[in-house]
Amino acid sequence: MKIFCIGRNYAAHAEELGNKIPSRPVVFMKPRTALLQDNKPFFLPNFDSSIHYECELVLRIGKNGKSIPERVAHSFIHSIGLGIDFTARDLQSELKDKGHPWEIAKAFDKSALLGDLKPVDLFDLSKPIHFSLHKNGEVVQQGDTSLMLFNFSRIIAEVSKYFTVQQGDLIYTGTPAGVGPIEIGDKLQGFLAESLNFTCEIL
Ligand code: ZN
């Protein structure tokens with residue numbers, strides 16, 4: 001099982017971090033040991049004083065494929081959930097400045113929170129899918145699929161150009177504006193299409 005992540009897929013978020021709008025999806029990966037599921041708490045690591053949440057729609061792939069054409073790519077989506085791409089922001093900035101790979105800032109243990117995956121048939125993919133993240137009861141991020149620079153089909157087509165996608169793989173599809181730091185004691189809640197998808201306490 002592989003975890004793919006898309007960076008800078010919402011214009012407002014790319015701008016808030018001072019990044020240019022990409023001409024094709026920015027792709028990176030996390031290992032399986034990054035997964036955090038079942039509403040388990042997130043233990044704040046000590047290697048960065050600025051761990052950020054990035055709430056994202058997550059796709060689970062339902063069948064294997066390679067070089068998938070965009071027009072059939074939607075048929076590879078098995079289910080859709082919500083997750084958080086936890087990011088060690090200071091470390092990431094330092095690595096970006098040096099032009100180094102940013103794995104340690106993005107792919108560390110438990111950095112990929114995953115909520116409940118819902119069968120794709122429950123969604124009308126022709127309409128925007130809305131989601132939001134609440135921190136301590138306040139909305140800190142919200143977005144919907146109409147704000148994405150690259151839609152689900154384009155993402156799957158792009159990722160599968162380079163990597164065989166396999167049943168069970170996950171794709172984190174990028175975060176909207178509003179990313180920010182977490183502290184011990186914070187409580188995060190993700191809402192997918194208005195229903196609670198995950199909760200996570202920061203310890
Ligand atoms: Zn992200």
Side-chain angles (χ1 to χ4, degrees), residues 2-37 42 44-45 47-48 50-61 80-96 100-115 117 129-135 139-152 154-156 158-159 162-163 165 169-182 186 188-192 197-198 200 202:
K2 303 187 289 302
I3 304 172
F4 298 101
C5 301
I6 304 302
R8 302 173 198 171
N9 199 20
Y10 292 78
H13 169 64
E15 282 160 16
E16 77 181 344
L17 292 185
N19 293 313
K20 291 204 178 95
I21 305 295
S23 54
R24 63 178 181 201
V26 174
V27 181
F28 59 96
M29 291 168 83
K30 298 188 189 231
R32 194 187 189 115
T33 43
L35 265 188
L36 175 66
Q37 288 177 278
F42 176 79
L44 209 57
F47 49 72
D48 195 313
S50 184
I51 303 286
H52 276 198
Y53 53 79
E54 294 189 357
C55 187
E56 317 197 352
L57 289 165
V58 182
L59 308 179
R60 185 175 184 274
I61 296 294
I80 300 176
L82 199 59
I84 295 184
D85 164 21
F86 283 117
T87 303
R89 189 69 73 201
D90 288 349
L91 202 49
Q92 188 199 23
S93 303
E94 188 188 315
L95 294 163
K96 268 162 62 180
H100 290 177
W102 64 32
E103 261 86 356
I104 59 171
K106 279 284 197 184
F108 55 87
D109 285 358
K110 312 300 178 193
S111 61
L113 182 153
L114 182 63
L117 290 163
I129 300 170
H130 185 260
F131 62 100
S132 63
L133 179 70
H134 297 216
K135 186 173 96 167
V139 181
V140 287
Q141 283 194 285
Q142 53 184 327
D144 70 61
T145 45
S146 71
L147 302 170
M148 291 178 145
L149 297 171
F150 306 105
N151 64 22
F152 292 161
R154 177 75 200 284
I155 289 170
I156 292 168
E158 181 75 12
V159 165
Y162 308 96
F163 303 98
V165 297
D169 286 353
L170 299 171
I171 306 180
Y172 285 64
T173 58
T175 197
V179 300
I182 45 170
D186 283 345
L188 301 175
Q189 292 176 301
F191 290 84
L192 173 55
N197 191 262
F198 66 76
C200 178
I202 310 302

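Order of appearance sets the numbers: ligands from 1, and atoms from 1 within every ligand. Since the model is a prediction, treat every value here as computed from it, not as a measurement.
For Glu54, the N, O or S atom closest to the Zn ion (ligand 1) goes by the atom name OE1. The Zn ion (ligand 1) is closest to atom OD2 of Asp85 (considering only N, O or S atoms). When the Zn ion (ligand 1) is compared with the N/O/S atoms of Glu56, atom OE2 turns out nearest.
Between the side chain of Ser132 and the backbone N or O of His130 there is no donor-acceptor pair closer than 3.5 Å.
Ring geometry for Phe108 versus Phe42: interplanar angle of 30 to 60°, hence tilted.
Taking the side chain as every heavy atom from C-beta outward, Leu188 and Leu113 never approach each other to under 4.5 Å.
With respect to Ile171, the side-chain contact (heavy atoms from CB on, under 4.5 Å) criterion is satisfied by exactly one of Val27, Ile3, Ile156: Ile156.
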